[in-house]
Trainee: 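Take a look at this one; I'll ask things after.
Convention: sequence-line order gives letters A, B, ...; per-chain numbering from 1. Everything quoted here is computed from the prediction, not taken from an experiment.
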Amino acid sequence: MRTRTAKGGQSVLDATAGLAHQFDDVEQQHDAATLGMWIFLVTEVMFFGGLLAGYAVYRAIYPLAFANGSRLCEVTLGATNTAVLIGSSLTMALAVSAAERGRRRLVLALLVCTMALGAVFLGIKFLEYSHKFAEHFVPGYDFVYAGADGREVQLFLCFYFGLTALHALHMMIGIVVLGVLATLVWRRRSAPHSNRIEVAGLYWHFVDIVWIFLFPLLYLVDLHR
Amino acid sequence: MSARWYYVVFGALLALTIVTTEVARVDLGYFNVVAAIGIAVLKALLVALFFMHLVRTPHRTMIVAGAGVFWLAILIVLTLGDVLTRGWLAVPGGW
């Protein structure tokens, strides 16, 4: 039976890649990693929060124009994307659960599913953007709008493109991170990196939460009119 | 948490998405904004508590997560407090 080396690594008794020397036990290491990711997510909350605060201010000042601008966004595509992201969060949570139970091939399948759903989301987003460009709804770029509040509608569209592009960038980073993790799991014969997958899962769920807020704020403003 | 609960939360999230879309089609005046944000907060809580395992995370980590939301609330509430109350006081030449 192998015992822990002085560097604290590669013991068969450890479920993860090894216990770093500054931690008392594996559970404390897991908690520290989780706390670290949550602190990063708090900075991400403030990152998106700045844009959302700007949105709140200008929606309060130009409520009608924001409603008109929201009509230019396609609710069906947005709602579909919401469902796709929620599904990807489900597969991500299932992947974390499978990793904790040491189910290597299930983890691989679920990680790939999560990445695929993320790619579907980005594909639909690309479709939406291409529609906007085709219909001349891009602020400051050949913008054509049949209405008096063109300036304010362009302001709304600035927030639309800014928020969704920033979100899409986070999605792409998330897909790359999951790809790296999937490769690690694929090459490793022992228990999958359950803590790393859980931490990556926190990031993925956060990106989902951001979209959960973006969908009603961008697509459903005064939908009843 | 068994895998079955994840599917329950997933179903709830999909249902709430449909609810928020349909409620938006009905004219409820100012309550539309309240409902939209409220349902979004509820969905975010479901994801945070169950998918992100906040229910089984040590409390010190939950406090950190709550702090982020708290700071965002300060940003939005105080900024809107400024913007929405402009012109309330009869100050000559300005706000």
Side-chain angles (χ1 to χ4, degrees), chain A residues 31-32 34-39 41-46 48-50 52-61 63 70 75-76 78-79 82-83 85-87 89-94 96-98 101 198 201-202 204-206 208-210 212-217 219-225, chain B residues 1-3 5-7 9-14 16-18 20-28 32-33 35-37 39-48 50-54 57-58 60-73 75-80 82-84 86:
Chain A
D31 284 348
T34 307
L35 177 63
M37 177 50 89
W38 271 108
I39 291 175
L41 292 182
V42 165
T43 70
E44 291 278 87
V45 165
M46 297 315 294
F48 280 95
L52 288 175
Y55 168 95
V57 168
Y58 282 110
R59 181 167 165 181
I61 297 177
S70 183
V75 176
T76 315
T82 309
L85 261 194
I86 293 174
S89 267
L90 172 68
T91 55
M92 187 74 231
L94 290 173
V96 173
S97 170
R101 287 176 285 135
E198 168 150 20
L202 288 180
W204 191 266
H205 294 312
F206 173 76
D208 182 20
I209 287 179
V210 171
I212 282 174
F213 280 99
L214 290 191
F215 172 60
L217 291 178
Y219 292 81
L220 303 181
V221 180
D222 279 358
L223 190 59
H224 51 83
R225 285 200 301 113
Chain B
M1 227 181 112
S2 72
W5 274 108
Y6 289 144
Y7 292 101
V9 172
F10 171 68
L13 286 168
L14 281 187
L16 285 173
T17 306
I18 296 173
T20 196
T21 310
E22 293 310 312
V23 166
R25 298 191 198 275
V26 179
D27 186 357
L28 302 166
N32 272 120
V33 181
I37 303 283
I39 295 176
V41 166
L42 188 56
K43 289 164 75 176
L45 271 178
L46 280 175
V47 173
F50 296 109
F51 283 170
M52 296 171 93
H53 300 142
L54 262 187
T57 304
R60 62 190 115 86
T61 308
M62 286 174 76
I63 291 174
V64 169
V69 175
F70 179 63
W71 291 325
L72 181 63
L75 173 64
I76 293 185
V77 168
L78 292 188
T79 305
L80 282 180
D82 174 354
V83 171
L84 291 177
R86 291 188 180 179

Trainee: Please classify the contact between V83(B) and chain A as side chain, backbone, both or neither, with a heavy-atom cut-off of under 4.5 Å.
Mentor: side chain
Trainee: Given the rule in the side chain to side chain contact (heavy atoms under 4.5 Å, CB included) test, do F48(A) and L72(B) qualify, once you have shown the distances and angles that lead to the verdict?
Mentor: CA-CA 9 Å; F48(A) 280 95; L72(B) 181 63; over 6 Å; no
Trainee: Determine, stepwise, if the pair L54(B) / W38(A) fulfils side chain to side chain contact (heavy atoms under 4.5 Å, CB included).
Mentor: CA-CA 10 Å; L54(B) 262 187; W38(A) 271 108; 3.7 Å; yes
Trainee: Can you name the side-chain hydrogen bond (donor to acceptor under 3.5 Å, both in side chains) partners of D31(A), sequence neighbours left out?
Mentor: none
Trainee: Please flag which part of L84(B) lies under 4.5 Å from any non-hydrogen atom of chain A: side chain, backbone, both or neither.
Mentor: side chain
Trainee: Side chain from CB out, backbone as N, CA, C, O: work out which of these in L41(A) comes under 4.5 Å of a heavy atom of chain B, or both, or neither.
Mentor: side chain
Trainee: Testing the basics here: between L75(B) and G49(A), what is the closest heavy-atom pair and its distance to 0.1 Å?
Mentor: CD2-O, 3.7 Å
Trainee: Might you point out which heavy atoms bring G87(A) and F10(B) nearest each other, and give the distance in Å?
Mentor: CA-CE1, 3.5 Å
Trainee: Considering non-hydrogen atoms only, spot the tightest contact between L223(A) and R25(B) and give its length.
Mentor: CD2-CG, 3.7 Å
Trainee: So for V41(B), is it side chain, backbone, both, or neither that comes closer than 4.5 Å to the heavy atoms of chain A?
Mentor: both
Trainee: Output the distance between atom CG (L46(B)) and atom CD1 (I86(A)), rounded to the nearest 0.5 Å.
Mentor: 9.5 Å
Trainee: For D27(B), which atoms come within 4.5 Å of any heavy atom of chain A: side chain, backbone, both, or neither?
Mentor: both
Trainee: V96(A) versus chain B, heavy atoms under 4.5 Å apart: side chain, backbone, both or neither?
Mentor: side chain
Trainee: What distance separates Y6(B) OH from T91(A) OG1, expressed to the nearest 0.5 Å?
Mentor: 12.0 Å
Trainee: What residue, out of A60(A), S89(A), A79(A), has the most heavy-atom pairs lying under 4.5 Å from chain B?
Mentor: S89(A)
Trainee: Using side chain to side chain contact (heavy atoms under 4.5 Å, CB included), reason through L202(A) and M52(B) one step at a time and then give a plain yes or no.
Mentor: CA-CA 6 Å; L202(A) 288 180; M52(B) 296 171 93; 3.6 Å; yes
Trainee: M46(A) vs W71(B), test: side chain to side chain contact (heavy atoms under 4.5 Å, CB included). Steps then yes/no.
Mentor: CA-CA 8 Å; M46(A) 297 315 294; W71(B) 291 325; 4.0 Å; yes
Trainee: Between chain A and each of T79(B), T21(B), L14(B), count heavy-atom pairs under 4.5 Å; write down the option with the most.
Mentor: T21(B)
Trainee: To the closest 0.5 Å, what do you measure between CG (L80(B)) and CZ (R59(A))?
Mentor: 11.0 Å
Trainee: Mind listing the closest non-hydrogen atom pair of A44(B) and I212(A) along with its distance?
Mentor: N-CG2, 4.3 Å
Trainee: Please classify the contact between L13(B) and chain A as side chain, backbone, both or neither, with a heavy-atom cut-off of under 4.5 Å.
Mentor: both
Trainee: If you tally heavy-atom pairs under 4.5 Å against chain A, which of L16(B), D82(B), V64(B) wins?
Mentor: V64(B)
Trainee: Give me the atom names and distance for the closest heavy-atom approach of L94(A) to A3(B).
Mentor: CD2-CB, 3.8 Å
Trainee: Could you report the tightest heavy-atom contact between G68(B) and V45(A), atom names first, then the distance?
Mentor: O-CG1, 3.8 Å
